[in-house]
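Report on the following structure.
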Amino acid sequence: MTVRVRFAPSPTGMFHVGGARSALQNWIYAKQQGGVFVLRIEDTDAARNKPEWTEGILSALDWIGISRGSYEGPYFQSANAGEHRAAAARLYDSGRAYYCDCTREDVQARTGSQYQGYDGYHRDRGLGPGPGHALRFRTPDEGTTVVVDLIRGEPTFENKLIEDFVIARGDGSPVFLLANVVDDMTMGITHVIRAEEHLPNTPKQQLLWEALGVKPPIWAHVPVVVNEKRQKLSKRRDKVALEAYRDEGYLAGAMRNYLMLLGWAPSGDREIVPWSVIEDEFRLDEVNLSSAFFDEKKLRAFNGEYIRALPVAEFIDACQPWLTGTGTIAPPPWQSEEFDADAFAAVAPLAQTRIAVLSEIVPNVDFLFLASPLIDEAAWTKTMKDGSAELLDDAVAAFEALESWDAESLKSTLEAVGAERGLKLGKTQAPVRVAVTGRTVGLPLFESLEVLGRERTLTRMRAARLRLV
Ligand code: GLU
């Protein structure tokens, strides 16, 4: 039997990191089993779906390594509407489903003030189809439904506790529970790997498989991803969009490595490992049952390590979208003709060891390309103290006298200027840094000055000096 798994997102918003994790788990499982990964877009909720969300899913999957053309699909659930209706009709014809026109209020009036689920009122009343008549599945009165779950063992559900649930609405349209099952059936899905939040649906869905006469799949319900307060990640509260991480400059490799560590770890106390190791070692049945904390700080640190591991040329390439501004990435503060690729290449190795996400490249190098630096006023006020004007005067004079404009000479020269005042290098270089780069932190100063060049450095120092009059 060929293993067939599917990833079945609903295109109702930005693509969620939790979804990316499920997709990767499905992807790896299929690969390990020599199986097939199917992508199905569950687009039946017409009011909430937008084509751009579908495009977002496809491109986010592509970015994370599940590339277009390397899987089966995408299929669209809406294209399968005929099958969904046919399945509903089969269940009705075989007596496994019946019509009901009760409102919630009707049920409540019959059973007491609190709605505890449907009471089975129409089970044997023979109501036929008609507008406003929902179709309900007749759940067994006795016995249990045992689902085989690769992560959870065999969760067992008492059938008598499962209400006769709706499978098609009053307008005849099948609901998610049924459409999802029928699609999995039609697509020959053998393993359903999905988020834990669907576990309550699973006994109902398994009953539908059985009632439709097909052997149910093996399930795997993966624990949810939570924030630092142990709340389920939510798109209203947390940064969850994979695209947002991508645009901030997370590397796909770091992201997918990190996502796979949510609830699982490779052997040997390692966290940062080549993707091939994850593909070899990952085991669904080793996934932790407790919810997994999505720790953005840790992801940042991870990403920094991935950035540092890149060959410099690749790092330079990887920075390009932020240096030019493409697609959803904002343009940098300089004009494209101001950009100097050689100057960038000269400082790139210095930046590479310091930034955690690629977008941070921009504030680190903007001083090189802008005609005058973007002065951070708070940094200016904090740094420019009594004596800064004189210090800048002396530094300008000493730099003007330099024969060779290189980092080492610049450093020893400024060190000497500071020493005359009894200042350590750190204190001496702060006003120079703010004057030249506009900021208190950044790339190593003397290398920066070397690349910026004599004229521009001195012009900026003189301009700062004038502001201090
Ligand atoms: N469209 C559903 C979701 O995004 C899929 C559920 C499933 O994987 O079965 O939650």
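In each ligand, atom 1 is the first atom listed, and ligand 1 is the first ligand listed. Bear in mind that the values here come from a model prediction, so they are computed numbers and not experimental data.
Cation-pi geometry between Lys239 and Tyr245 is met: the NZ or CZ atom falls under 6.0 Å from the ring centre, inside 45° of the normal.
Atoms of ligand 1 lying under 4.0 Å from any heavy atom of Ser10, numbered from 1 in the order shown and given with element: 1 (N), 2 (C), 3 (C), 4 (O). Close approach of ligand 1 to Asn180 is summarised as follows: ligand atoms under 4.0 Å from at least one heavy atom of the residue are 6 (C), 7 (C), 9 (O).
Checking Arg6, Glu197, Glu42 against atom 7 (C) of ligand 1, the nearest heavy atom belongs to Arg6.
Neither side chain, Asp43 nor Asn49, offers a donor N or O lying under 3.5 Å from an acceptor on the other.
Closest protein heavy atom to atom 5 (C) of ligand 1: Ala8 O, 3.1 Å. Taking atom 6 (C) of ligand 1 as the reference point, the nearest protein heavy-atom neighbour is His198 NE2, 3.3 Å.
You'll find the ring centres of Tyr29 and His191 inside the 6.0 Å limit.
Applying the side-chain hydrogen bond (donor to acceptor under 3.5 Å, both in side chains) test between Asn227 and each of Gln231, Lys229, Arg230 identifies Gln231 as the sole match.
Of all the heavy atoms of Val192, none lies under 4.0 Å from any atom of ligand 1, so neither backbone nor side chain is involved.
Separating the CZ atom in Arg4 from the OG1 atom in Thr190 is a distance of 8.0 Å, to the nearest 0.5 Å.
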